[in-house]
Every structure is written in structure tokens, then in C-alpha cells.
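What follows is one structure encoded as C-alpha cells, with my remarks underneath.
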Amino acid sequence: MQDPQANVARVVIPRERIAARVAELAKEISGHLDGRPVTLAALMTGSVIFVADLIRHLPVMMKIRLVGMSSYPGTATQSEGVEVLGKMPEDLSGQTVLIVDDILDTGRTLGKAAELVRSAGADTVLTCVLLSKNTTRRAADGLAKADYVGFHIADEFVVGYGLDHGDYYRNLPDIAVLKETPASYDAL
Ligand code: IMP
Ligand code: MG
């Protein structure tokens, strides 16, 4: 299976709807920022495409920091605790920080990121996700909800537009469900 599209069972959110919603979200965010500068903390790697699209609709003074976080090791399709890869940005004293991620599931990733940003001195911490899963698995130690949400989706494993399975499928332009989620891609 060399074409990632060949493993798509169903498109959940097509690219046109994503694009329209990302523009709306950016409007909401810039309205609330009301001219204040912002530091964007983009959680890698899942938010890479979302963040790239979002920022082009945000006409504000902005710094960007990339923060490596991992919660779905390998080909797991369930969160298995959060790992921070690398370190959090420098001193964020007095700054308004917008944390951006691809999806809110148990809430542990965003919860951990918010904690790190706050302890780096941020004044205001805002959170934004493209997707939020309707799940009963929100963890007590996680973030219950994000400030800005693109779409609420069913509790199913999705890929595309930055979201991966086993680090593949991030380049699919739509959000989709896979036919198969193999335990390994070693044979590729
Ligand atoms: P949480 O810590 O359980 O909220 O999980 C959030 C992280 O898990 C996100 O940063 C994603 O990278 C990953 N994740 C959660 N659900 C999915 C999914 O359906 N597909 C791909 N990655 C997911
Ligand atoms: Mg992620």
C-alpha cells in the first residue's frame, strides 16, 4: 500500500470545510486578542498543517514556538500518557500564549502543555484545537475543554491534515478514518 489514500475508509471532514472553519476560528481568535501580540506554542507534530494555515489568517504581531509532545507512541490508537520531547520555550513572562494542537482526546497533552506554559510565566494561556473528540475518556489530570475548537467529532481514530497513525498519513488533505490500522509499517 504505497498510496496513503488507498487506506482511507471514509472522509470525516473534507478539505473545503476545514479551510472555511480555520478562517472562522482565526477571526474569533484575533477578535479576542484585540490587537495584543501573541506567542503561539504549536504542539508538534500533529498541529503542523493546522498551525501553518491558521497563522496566515491571523493579522497580529506573533511569535511562534514549536513544542514536541507525544502521547500516542508508535501505532497506538489510544493515548498512553504524555511525553514532552525537548524543552519548553524560554521565559514567557507577561506574554499571551496560544497553545495549538490538532486534537483534544483525553486532554492530557493540552493539560501538560498549559501547565508548562504557565510555569514559564505566561500571563494568559489560551488553547486551540482543530478537533475535539466527544469522549468519556477526558482524564482528571487533563484539560476538559479548549478555548477554541474547530470541530467536535465522534470518538473514533482519525488521520490526515497533520494527524497520524504510526507517523504516516499526516499529508492527507482531508480528515479521514482508515480501513486498517496495522501494528507496524516496517514492511513499507
Ligand atoms: P490527549 O492527550 O489524549 O488529549 O491526546 C491528544 C494527542 O493525541 C494529540 O496531540 C494527537 O497527537 C493524538 N491523538 C488523539 N486522538 C487522535 C486521533 O484520532 N488520531 C491521531 N492522533 C490522535
Ligand atoms: Mg499530537
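All figures in this text were calculated on a predicted structure; none of them were measured in a lab. Below, each value reflects all heavy atoms present in this structure, side chains not excepted, and no hydrogens, waters or symmetry copies. Note that ligands are numbered from 1 as they come in the structure, with each ligand's atoms numbered from 1 the same way.
Checking Ser132 against Arg138 by side-chain atom types alone, a donor-acceptor pair falls below 3.5 Å.
Once rounded to the nearest 0.5 Å, the distance linking CG of Asn7 with CD of Gln2 reads 12.0 Å. Taken to the nearest 0.5 Å, the OH atom of Tyr148 stands 9.5 Å off from the CG atom of Leu25. To the nearest 0.5 angstrom, Arg170 atom CZ is 9.0 Å from Ile49 atom CD1. Considering CG of Leu43 and CG of Asp101, their distance stands at 4.5 Å, rounded to 0.5 Å.
Within ligand 1, counting atoms from 1 as listed, the ones closer than 4.0 Å to a heavy atom of Thr109 are 1 (P), 2 (O), 5 (O), 6 (C), 7 (C). Applying the 4.0 Å criterion to heavy atoms of Thr106 picks out, from ligand 1, the atoms 1 (P), 2 (O), 3 (O), 4 (O). Near Glu156, meaning under 4.0 Å from any of its heavy atoms, are these atoms of ligand 1: 19 (O). Set against the non-hydrogen atoms of Lys133, the atoms of ligand 1 under 4.0 Å away are 16 (N), 17 (C), 18 (C), 19 (O). Ligand-side atoms of ligand 1 in range of Asp164: 21 (C), range being under 4.0 angstrom from any heavy atom.
Some N or O of Gly107 is nearer than 3.5 Å to an N or O of ligand 1, by distance alone. Of the N or O atoms in Val159, none lie within a sub-3.5 Å distance of an N or O in ligand 1.
Only the side chain of Asp101 comes within contact range of ligand 1, with a heavy atom under 4.0 Å; no backbone atom does. Residue-level proximity to ligand 1 for Val158 is carried by backbone and side chain together, each with a heavy atom below 4.0 angstrom. With a 4.0 Å cut-off on non-hydrogen atoms, Asp102 touches ligand 1 through its side chain and not its backbone.
With respect to the salt-bridge test (charged N to carboxylate O, under 4.0 angstrom), the residues Lys27 and Glu24 do not qualify.
Taking each heavy atom of Thr75 and Gly166 in turn, the nearest pair found is CG2-CA, 3.8 Å.
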